[in-house]
Amino acid sequence: MPLITLKLFASLAETHGWRERQRAWVAGIRVIDLWCAETGQSGLPARVLCARNMDYCPPETPVTPGDEIAFFPPVTGGAHAC
Amino acid sequence: MPVSVRSAPFEPYAEVAAHQHAVFGGRGQFGATAVFVGTMRDFNEGDAVQGMTLEHYPGMTERHLDDICATASGRWPLLETLVIHRVGEIFPGEAIVLVVVWSAHRQAAFDACREIMEALKSRAPFWKKERLATGTRWVTGNTAGYPASKP
């Protein structure tokens, strides 16, 4: 059974209570569909970013078997609010 | 063009000296070295900050830092770059990020150093959680940067 890996980071991981899980791949599924299925929400909030295989991607991106899909809040790296 | 994500504190100026010696030795083809060091402050948004936790996305972070440095090297005539970024538990006064650019002339060094730092802040997957006397809070956005000049 082909699998996909889902990841949450930072405040999203705290809010939803998990950081990584695997799910069965389903033909035709998109990144946004995974978010909705896992969170019960009807859409992707404006302040949630997504990545497919470690590259930023639009929510409508198709998912293929073996993909790693991540959701996370806006990034805040670099110096401390400099 | 190394990038490094580290959980242990580092001394930025020792890193600059060591990398410069390792890459260039005594040869003097670089005329300009631009160094940016981001250090953790003990205040933010009017509150005293005791420390913070920096989370990242292992793998994606390094990939994007590599890409940011490669892009800068395509835009300006750079001889070498070095990026080091802390993750994990950080305390005020510790270095968070080091960006170093070596080039023949100052314009490329200054402009590329700034561009790498701005791209890092907007694209590299890091997240900060501050520790205050009253609890913790996620930093929800970066301060606005400013556009680098064109090469």
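Chain naming here is simple, since letters A, B, ... match the order of the sequence lines and numbering starts at 1 in each.
Here the closest non-hydrogen pair linking A:P73 and A:F9 is CD-O, 3.5 Å. Taking all atoms of both residues into account, the shortest heavy-atom contact from B:W102 to B:T33 is CD1-OG1, 3.1 Å. The shortest heavy-atom contact between B:W127 and B:Y57 is CZ3-N, 3.8 Å.
With respect to A:D67, the side-chain hydrogen bond (donor to acceptor under 3.5 Å, both in side chains) criterion is satisfied by exactly one of A:N53, A:T61, A:T5: A:N53.
A salt bridge links B:R137 and B:E130; the closest N-O separation between the charged side-chain nitrogens and carboxylate oxygens is under 4.0 Å. Here B:E94 pairs with B:R86 in a salt bridge; the nearest charged N to carboxylate O distance falls below 4.0 Å. A salt bridge links A:E68 with A:K7; the closest basic N to acidic carboxylate O contact falls under 4.0 Å.
For chain B, the nearby parts of A:D55 are the backbone and the side chain; heavy atoms of each come within less than 4.5 Å.
Listed in order of number, the residues of residues 60-69 of chain B that approach chain A to under 4.5 Å between heavy atoms are B:M60, B:R63, B:H64. Taking 4.5 Å as the heavy-atom cut-off, the residues of residues 10-27 of chain A that approach chain B are A:A10, A:S11, A:E14, A:R19, ordered by number.
Residues B:E89 and B:T53 have side chains that bring a donor and an acceptor to within less than 3.5 angstrom of each other.
Residue pairs meeting the salt bridge (Lys or Arg N to Asp or Glu O under 4.0 Å) criterion with at least one member in residues 9-23 of chain B, sequence neighbours excluded, are B:R6-B:E15.
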Name every donor-acceptor pair, under 3.5 Å, that has one atom in a side chain of residues 41-48 of chain A and the other anywhere in the protein, sequence neighbours excluded.
unit_1, atom_1, unit_2, atom_2, d
A:Q41, OE1, A:W35, NE1, 3.1
A:R47, NH2, B:T140, O, 2.4

